[in-house]
Amino acid sequence: MKIMLAEQPFEPWQLVAEHQRLLDAGGQYGAATVFVGSMRDFNLGDQVQSMFLEHYPGMTERHLEKIAQQAEQQWPLLEVLICHRVGQINPADAIVVTAVWSAHRGEAFEACRYLIEELKHRAPFWKKEQTADGPRWVAENTPAE
Amino acid sequence: MKIMLAEQPFEPWQLVAEHQRLLDAGGQYGAATVFVGSMRDFNLGDQVQSMFLEHYPGMTERHLEKIAQQAEQQWPLLEVLICHRVGQINPADAIVVTAVWSAHRGEAFEACRYLIEELKHRAPFWKKEQTADGPRWVAENTPAE
Amino acid sequence: MPITVKFFAAMKEQTGKDEERLPIGSMATVADVWKAATGQQEMPEHTLCARNMEYVQPDEAVTDGDEIAFFPLVTGGAL
Amino acid sequence: MPITVKFFAAMKEQTGKDEERLPIGSMATVADVWKAATGQQEMPEHTLCARNMEYVQPDEAVTDGDEIAFFPLVTGGAL
């Protein structure tokens, strides 16, 4: 399991590729499912210029770890990777990566989805968007669509 | 939409990263879900040394395109990428990538899962495994687990 | 134009055939093509048939120039 | 050891407070910590509370040295 918070922009696919290279499990995982959430330039009907993602240092990492552990208990996974941006973020930047490696595809899809849903609902992150009308806090997390 | 058959080993995450760079849609996709299926060294209780993936040239591409089109009709997707290896494949090699970009995570997960399930059930690929007991055709596709 | 007949995977090994061309003669359906190409063998259960790269049933009609293919259940990619 | 109190996001702006340390005095619960730190303000609806980095209810007991945090509903990452 690997949990990371990134203060700077990162390339999500390269991160996943590098992490996979470190796995001593070639030939064991038949399945990898990866979700990447990126910053959109549009939200709630407005153009968004940038965003500040505040978090609770210490509690955030702890909750990401807990979410990953719960996924590992619920499904037979070979590896879990979560990386989350914090701080100042621009449109098209990657915000979050959740990646799961397992023997079969069913568990890889379910666990990857679980990670991102739990993360959105439980991890202490708060979004402040910069729009033409000034800054605004995003009021609550968006439902899964 | 991009559909590829690969005769040679490919690096799936690099392929996804390069394809994403070509998308003129930064800031539009909030979500990308990627599935990578890799060759396991173990199947049906036996060590597998290598595998030959036969396909039906022409029909295979046509059916991958059709599957991608059906996903695009069913969900509001910004882009779909499918790449499938054919020919001689070794354990840990990537066999298939299905990738979906969309505004929201729900449709990205559902469409990505749809692509791989349809692909396994409808696309004309046949696996011949090389085991210590000699070669064997895999009898039918595995159910989603 | 002749009919092109293709066999894939285990079906290629079982019939000993890969690809051949046959004059349409009196063949009316995909099942007739199978019989003509394999010397009147029965089509094994679960054989999949394609006409011009689309899945069809064995009773599908054939016409001059068609590409007819026979193969076992598909076994997809990884995992 | 004092109690460390932290405010995040909109709650930091609303209270004008970021982090402070308070002697535990007569505070018994997380709700008491809110009142002491904010000068007896009511806790807004939907305020989330954490004690030593775990989510708790406002009636959770506090002890010396605790880290207590107050923040609005979380708004996750992307998408």
Side-chain angles (χ1 to χ4, degrees), chain A residues 11-21 23-43 47-49 75-76 78 90-110 112-114 116-117 119-120 142-145, chain B residues 11-21 23 25-43 47-50 75-76 78 90-110 112-114 116-117 119-120 142-145:
Chain A
E11 212 294 294
W13 310 112
Q14 190 183 333
L15 183 74
V16 168
E18 282 168 11
H19 193 69
Q20 183 172 294
R21 265 193 290 279
L23 287 184
D24 187 22
Q28 287 178 51
Y29 53 87
T33 302
V34 175
F35 175 80
V36 176
S38 300
M39 188 183 157
R40 294 172 67 207
D41 54 14
F42 210 81
N43 192 26
Q47 200 75 21
V48 181
Q49 292 150 358
W75 292 278
L78 290 160
N90 293 316
D93 281 3
I95 303 179
V96 57
V97 177
T98 59
V100 167
W101 286 262
S102 61
H104 301 284
R105 67 189 183 281
E107 61 234 26
F109 271 100
E110 287 170 27
C112 189
R113 183 81 196 255
Y114 173 87
I116 189 68
E117 296 300 330
L119 191 157
K120 282 197 70 72
T142 54
E145 282 169 79
Chain B
E11 213 292 293
W13 310 111
Q14 191 183 332
L15 182 73
V16 169
E18 282 168 12
H19 192 71
Q20 184 172 293
R21 265 193 290 279
L23 286 184
Q28 287 179 50
Y29 53 87
T33 302
V34 175
F35 175 80
V36 176
S38 300
M39 188 183 155
R40 295 173 64 207
D41 55 13
F42 210 81
N43 191 26
Q47 200 75 22
V48 181
Q49 292 149 359
S50 70
W75 292 278
L78 290 161
N90 294 315
D93 281 2
I95 303 178
V96 57
V97 177
T98 59
V100 168
W101 287 263
S102 61
H104 301 285
R105 68 190 183 281
E107 60 234 26
F109 271 100
E110 286 169 29
C112 189
R113 182 79 196 257
Y114 173 87
I116 189 68
E117 297 298 331
L119 192 157
K120 283 197 70 73
T142 54
E145 283 170 80

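Since this is a predicted model, take the numbers as computed values, not measurements. In what follows, chains are A, B, ... by sequence order, proteins preceding strands, each numbered from 1.
- In this structure, F35(A) and G30(B) approach most closely via the heavy-atom pair CZ-O, 4.5 Å.
- Between H104(A) and R40(B), the shortest heavy-atom contact is CE1-NH1, 3.2 Å.
- Residues A92(B) and G27(A) come closest through the heavy atom pair CB-N, 3.5 Å.
- Using a 4.5 Å cut-off between heavy atoms, E11(B) touches chain A through its side chain atoms alone.
- The CD atom of E110(B) sits 6.0 Å away from atom CZ of R113(A), with the distance rounded to the nearest 0.5 Å.
- Using the six-membered ring where Trp is involved, W13(B) and W13(A) have ring planes that are parallel, under 30° apart on the 30 and 60° scheme.
- The candidate from V16(B), V34(B), T33(B), N90(B) with the greatest count of non-hydrogen atom pairs under 4.5 Å with chain A is V34(B).
- Two residues are said to be in side-chain contact when any heavy atoms from C-beta on lie closer than 4.5 Å; C112(A) and F109(B) meet this criterion.
- By number of non-hydrogen pairs under 4.5 angstrom with chain B, the leading residue of P12(A), P91(A), A32(A) is A32(A).
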